[in-house]
Amino acid sequence: QVQLVESGGGLVQAGASLRLACTGSGLTFSSYTMAWFRQPPGKEREFVAGIRKLDAITRYADSVKGRFSISRENFKNTLYLQMNSLKPDDTAVYYCAASPTKLQPSASSDYSYWGQGTHVTVSS
């Protein structure tokens, strides 16, 4: 059974940093393109960042470019999201997701497995 478990969320003030982690089990982690999505309160889920499985090429939403950094450690089956200069608009539930594609899709429908999410709240 595939499981993705996020951790590292919390309540921080604007300008602070957080590092999210997502640990996978039941799958060959290196065989999956990974991504972070988020769902702000009352809004739809949106793509935040992704990292491809073969060459680790990354992709970011415009809203987080220059502030967030995605990385992965396949030997630990772990995905990370370093979030710097956080803003109140970053408040959301953050989800990690896994896709078997070698591309870097931004649509949630292209991802096969999802974690339960971790809450990030940024106060002004």
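Just the heavy atoms: all of them, side chains too, but no hydrogens, waters or symmetry mates, feed the values below.
- The salt bridge (charged side-chain N to carboxylate O under 4.0 Å, His left out) contacts involving residues 74-84 comprise Glu73-Lys76, where partners must be two or more places apart or lie in separate chains.
- Listed by chain and number, the hydrophobic cluster partners of Tyr80 come to none, as no ILVMFWY side chain reaches under 4.5 Å of it.
- Between Ser112 and Pro100 the shortest side-chain heavy-atom distance falls below 4.5 Å.
- Checked against ring pair (Phe, Tyr, Trp, His ring centres under 6.0 Å), Tyr111 has the following partners two or more places apart in sequence or in another chain: Phe37.
- Put simply, the side chain of Thr118 gets close to the backbone of Gly9: a donor and an acceptor are under 3.5 Å apart.
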Open item on the list: For a salt bridge (Lys or Arg N to Asp or Glu O under 4.0 Å) check, start with the C-alpha distance between Arg52 and Asp55, then their side-chain angles and the critical distance, and finish with the verdict.
Closed with: CA-CA 6 Å; Arg52 299 200 315 200; Asp55 51 18; 2.4 Å; yes
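- Proximity of a side-chain donor or acceptor of Thr101 to a complementary backbone N or O of Leu103 within less than 3.5 Å is detected.
- Gln13 places no side-chain N or O within 3.5 Å of a backbone atom of Ser123 that could act as its donor or acceptor partner.
- Side chain of Lys53 to main chain of Ser31: a donor-acceptor pair is present (N/O by atom type, distance under 3.5 Å, no hydrogens or angles).
- Here Leu18 sits in one hydrophobic cluster together with Val2, Leu4, Val12, Leu20, Leu27, Phe29, Tyr32, Met34, Trp36, Val48, Ile51, Tyr60, Val64, Phe68, Ile70, Leu79, Leu81, Met83, Leu86, Tyr94, Tyr113, Val120, Val122; the rule is ILVMFWY side chains under 4.5 Å apart, joined directly or through other members.
- For the atom pair Arg67 CZ and Ser85 OG, the distance stands at 7.0 Å (nearest 0.5 Å).
- Residues Val93 and Arg38 are not in side-chain contact: their nearest non-hydrogen atoms beyond the backbone lie 4.5 Å or more apart.
- For the disulfide bond (SG atoms under 2.5 Å apart) condition, the pairs that include at least one residue of residues 53-109, sequence neighbours left out, are Cys22-Cys96.
- With salt bridges taken as basic N to acidic carboxylate O contacts below 4.0 Å, none links Asp90 and Lys87.
- When all heavy atoms are compared, the tightest approach of Tyr95 to Gln116 is CE2-O, 3.4 Å.
- When atom types are taken as modelled, the side chain of Arg72 and the backbone of Ala56 share no donor-acceptor pair closer than 3.5 angstrom.
- Residues passing the side chain to side chain donor-acceptor pair (under 3.5 Å) test with Asn84, sequence neighbours excluded: Ser17, Gln82.
- Of all non-hydrogen atoms in Ser99 and Pro105, the two that sit nearest each other are OG-CG, 4.3 Å.
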